[in-house]
Amino acid sequence: MNQDIRVLTQELPPGYLTLVEMRSPLLDAKVMMVDDDTLMTDLIRTHLEDAGYSNFIVTNSPREALDLVRQEKPGVLLLDLMMPEVSGFTILEAIRAEADLRFIPVIVLTASSGSDFKLRALRLGATDFLAKPVDPSELVLRVRNTLAFEQYHDWMSHFDYVTGLPNERRFEGIVGDLLARQVSRGGLLAMISITVPECRQLRETIDRPTADGLAVVVARRLERIAGTYSAVDQRHRVARFSEQHFGLVIDGLKNIDAVETTAKAVLAALAEPVMLGQHEVAPAPWLGIAVAPGDGQLASTLRQSADLAGTHGRQQGTAHASFASPELNAKSYQRLRLGAQLRGVTQRGELRLHYQPKVHVSSQRIVGLEALVCWQHPDRGLVPPMEFIPLAEELGLIAGIGQWVFEQACRDMAVWMQAGLENLTVAVNVSKPQVVSGDLGQVVRQVLRDSGLPAHRLVLELTESMVMDDVPQCVSMMHELKALGVRLSIDDFGTGYSSLAYLKKFPLDELKIDRSFIIDLPGGQADKALVRTVIDLGHSLGMSVIAEGVETNGQLECLNLLGCDSFQGYLFSRPLPLDQCTEMLSRAETINHIA
C-alpha cells in the first residue's frame with residue numbers, strides 16, 4: 001500500500017479502509033456525458049479512459065438526456081450548459097426536481113466565464129464546474145474527488161463510524177428485504193435487539209477509545225455468529241443503533257428452538273472476557289427477541305417489539321434474553337413454537353375433522369353436521385380449533401387449512417351418502433382470506449366435482465363481521481355460490497354489526513344464533529324476547545334458524561316454544577371424530593329423543 005494511503009486511512013473509520021484501498025469502485029463508477037458536440041464527448045472519454053475509468057454512457061442528443069439519466073442513474077453526470085433545443089440548465093432543473101435523481105452529482109461544462117452562468121447553475125444544484133476547453137488533469141481530479149466524496153458521504157449516511165456496521169437507517173432496509181424474501185423461503189426470522197451497557201460504562205469511567213474498542217469487539221463477534229447462518233452478507237445482518245445498542249437479524253430459522261439456540265449463542269459469545277489495554281471486561285448483554293411473522297411483518301414493528309422486550313427484561317431484572325411480549329417467556333413462547341410446527345401441517349397429515357350434529361328441535365333428529373378441524377399434534381395430542389385457527393390466520397396459513405377442510409368434509413359426506421344417509425348436509429366454516437381471494441366459487445366447484453357431493457348437501461358458514469367488511473364483494477360471491485347450488489349460513493349472528501338493509505341483500509339459507517344469546521335461556525322475558533326477535537327475523541327473510549351452544553333441556557324447551565328450527569350443542573353431542581360420528585349416524589334412525 002502506498003505510504004500516503006496508509007497515513008490517510010489511519011484517520012478514517014474502521015471499515016472505510018476497504019473503500020480507500022479498493023480503488024476499483026471509483027474507477028468502475030458509471031460516468032455519463034451529455035454534450036451535443038461529439039468531438040468534446042470523445043475527447044473527455046479518452047482522457048478518463050487514460051485515467052482508468054471504463055463505464056461510460058454518452059449522448060449527444062439533449063432531448064434524450066433526461067430519460068437516459070432516469071434509466072442509468074449515473075455516479076456522476078458531466079453536463080454541457082449551452083446546447084440547442086434543450087439547454088443544460090433545463091436538464092439540471094429537471095434532475096433536481098425528481099426525488100430519485102436529485103442527489104446525482106452534476107459537473108457542468110461551460111465555455112462561458114461569466115458569473116451569471118455559474119450562479120444560475122449553482123442555484124439549480126450544480127455540484128462542480130469545468131471550463132472548456134477541458135484540462136485533462138483537472139477533469140480527472142474533479143471526477144475522482146466528486147465520486148470519492150459521494151461514496152464517502154453515502155458510507156457515512158448508512159454505516160457506523162466506529163464499527164463499520166450498518167446504522168439504523170440502512171439496517172431497517174436490510175430487514176425489510178429479508179422479510180420480503182421470507183415469504184418465498186418460509187421459516188422464521190428473528191430480530192435480536194442487543195444492549196451492551198459496558199460500552200457506555202467504559203466511556204464514562206475510563207475513556208471513549210476503550211469504549212470504542214469494546215464496540216468493535218462486539219461487532220466482530222456478532223458478525224461471526226451471523227456468518228454461521230449466511231456466508232454471503234453476514235456483515236449486513238448486524239447493526240449498531242447507538243453507543244450501547246446493537247441489532248442482529250437471522251432469517252430462515254426452522255423453528256422456535258433455533259431462535260432460542262441463536263439467542264444462547266449470542267449471549268455466550270458476547271460474555272467472553274476481552275482485554276482492552278490494561279482493563280479486562282466481561283460484557284453482560286441484554287437481549288430482546290422478536291420473531292416474524294408472529295411479532296410483526298414490518299421491519300419497524302419488529303424492531304420496536306424486540307426493543308420493548310429487551311427493555312422489559314432489563315427492568316424486571318430476570319433472564320438476559322426476553323421475548324417480545326409479556327407472555328412470551330411462557331405462553332407466547334409456546335405460541336411461537338406452535339406456530340412454527342403449524343407450517344406444513346396439512347402435508348404431514350396431522351389435521352382431523354370432528355363433526356357436531358345439527359338437530360331438528362321438534363323431532364330431535366339429525367339434519368346435518370358441522371365440520372370442525374382439529375390438529376393431532378405429535379406431542380400435545382388433539383389441539384382444538386380455538387387454539388390454533390387464530391394463529392393460522394395470523395401466519396397466513398388458514399387458506400391452505402380451509403382448502404383441506406373443504407375437500408375432506410365433502411369426501412366424508414359423499415361416503416355417508418353412499419352408505420344410505422342421503423338427507424344430511426355438511427357445514428364448513430369459511431375464513432376471511434378465502435372470501436377476499438375472489439376464487440372461492442372456483443374452489444368450491446372443483447371440490448364438489450372431485451368429491452361427487454351434490455352441491456345442495458354443502459353448507460358454507462360465514463361470520464357476520466366477515467360479510468359486512470365488503471358488502472358488494474360478498475353479495476357477488478354469494479350469488480356465485482348460490483348458482484352452484486350450495487347453501488349459505490350466517491354464523492354467530494348477533495355478535496357483529498349487521499344492518500338489516502344489507503342483510504336482506506344476502507341470499508342466505510340459514511341463520512345461526514350465537515351461543516351468547518342462548519346461555520341465559522329460559523331466563524327472563526327480555527332474554528326470550530331477544531331470541532324470539534332473531535328467530536322471527538330469520539323466518540321473515542326465508543331462512544331456517546339454528547341455535548348454537550345448547551346445553552340444557554330448559555334451553556331446548558324454550559327454543560321449541562319460540563319456533564327455532566334446529567340446534568347444536570353438548571346436550572345432544574360434542575363434536576365427534578369420523579368413526580364415532582359414523583357410528584352415531586348409523587343408528588340415527590332409531591333416535592327419537594335426547595337421552
Side-chain angles (χ1 to χ4, degrees), residues 354-372 409 412-429 453-461 485-494 508-515 517-523 527-528 530-595:
H354 285 199
Y355 293 93
Q356 186 172 41
K358 294 182 177 181
V359 184
H360 192 267
V361 169
S362 58
S363 69
Q364 299 181 7
R365 289 183 178 274
I366 299 173
V367 294
L369 300 157
E370 180 181 358
L372 300 168
D412 289 346
M413 181 54 71
V415 171
W416 284 326
M417 287 185 62
Q418 293 171 4
L421 303 171
E422 298 182 352
N423 296 319
L424 300 175
T425 61
V426 63
V428 175
N429 292 283
L453 181 70
H456 67 281
R457 296 301 179 195
L458 176 63
V459 180
L460 300 181
E461 296 191 355
V486 303
R487 296 170 57 83
L488 299 176
S489 174
I490 192 81
D491 197 8
D492 299 334
F493 185 81
L508 297 167
D509 301 283
E510 180 182 271
L511 184 153
K512 298 184 74 174
I513 307 175
D514 187 73
R515 70 181 306 274
F517 294 93
I518 306 300
I519 195 170
D520 292 327
L521 292 180
D527 298 315
K528 294 177 183 178
L530 186 59
V531 174
R532 180 188 292 111
T533 299
V534 177
I535 293 173
D536 291 344
L537 172 64
H539 287 165
S540 67
L541 294 174
M543 292 182 279
S544 63
V545 180
I546 181 169
E548 296 181 288
V550 177
E551 298 180 355
T552 69
N553 280 303
Q555 292 170 344
L556 182 60
E557 291 171 4
C558 184
L559 289 169
N560 191 20
L561 291 173
L562 296 176
C564 189
D565 300 298
S566 306
F567 75 96
Q568 286 177 248
Y570 286 2
L571 179 63
F572 188 90
S573 174
R574 293 172 176 268
L576 299 173
L578 180 63
D579 55 346
Q580 294 182 32
C581 188
T582 301
E583 181 183 353
M584 179 188 65
L585 292 174
S586 67
R587 50 189 175 82
E589 294 299 321
T590 65
I591 298 177
N592 295 314
H593 64 279
I594 299 175

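Owing to the predicted nature of the structure, the values given are computational and were not obtained by experimental measurement.
- Closest approach of Ala547 and Leu559 over heavy atoms only: CB-CD1, 3.6 Å.
- In this structure, the separation between CG on Leu576 and NE2 on His354 is 8.0 Å, given to the nearest 0.5 Å.
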For this session: Kindly determine whether Glu551 and Ile518 satisfy side chain to side chain contact (heavy atoms under 4.5 Å, CB included), including the steps that lead there.
Result: CA-CA 9 Å; Glu551 298 180 355; Ile518 306 300; over 6 Å; no
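- For the pair Leu453 and Met413, the tightest heavy-atom approach, listed with the atom from each and the gap, is CD1-CG, 3.4 Å.
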Problem set entry | Working for side chain to side chain contact (heavy atoms under 4.5 Å, CB included), residues Leu458 and Val426 | CA-CA 5 Å; Leu458 176 63; Val426 63; 4.2 Å; yes
Exercise. Run the side chain to side chain contact (heavy atoms under 4.5 Å, CB included) check on Leu521 and Val550 step by step: do they pass?
Worked result: CA-CA 9 Å; Leu521 292 180; Val550 177; over 6 Å; no
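- Proximity of Tyr570 to Pro575: side-chain heavy atoms (C-beta onward) are separated by under 4.5 Å at one or more points.
- Pairing each heavy atom of Cys564 with each of Ile535, the nearest pair is CB-CD1, 3.7 Å.
- What you find for Thr582 and Trp416 is that their closest heavy atoms are OG1-NE1, 3.0 Å.
- We find the CG-CG distance between Leu460 and Asp509 to be 10.0 Å, quoted to the nearest 0.5 Å.
- Contact of the Glu510 side chain with the Ile546 side chain is registered, since non-hydrogen atoms from C-beta on lie closer than 4.5 Å.
- Across all non-hydrogen atoms, the minimal contact from Ile366 to Phe572 is CG1-CZ, 3.8 Å.
- Partners of Glu461 according to the salt bridge (Lys or Arg N to Asp or Glu O under 4.0 Å) rule, which considers only residues two or more places apart in sequence or in another chain, are Lys358, Lys512.
- Under the salt bridge (Lys or Arg N to Asp or Glu O under 4.0 Å) criterion, no residue pair touches residues 560-579, with sequence neighbours excluded.
- Residue Val428 comes nearest to Ala409 through the heavy atom pair CG2-CB, 3.8 Å, listed as atom of the first residue, atom of the second, then distance.
- Residues Gln356 and Gln568 bring a donor and an acceptor atom of their side chains to less than 3.5 Å of each other.
- A search for side-chain contact (heavy atoms from CB on, under 4.5 Å) contacts involving Ala455 returns Leu448, Val486, not counting sequence neighbours.
- To the nearest 0.5 Å, atom CG of residue Leu541 and atom CG of residue Leu511 are 8.5 Å apart.
- A heavy-atom distance below 4.5 Å is not found between the side chains of Leu369 and Thr425.
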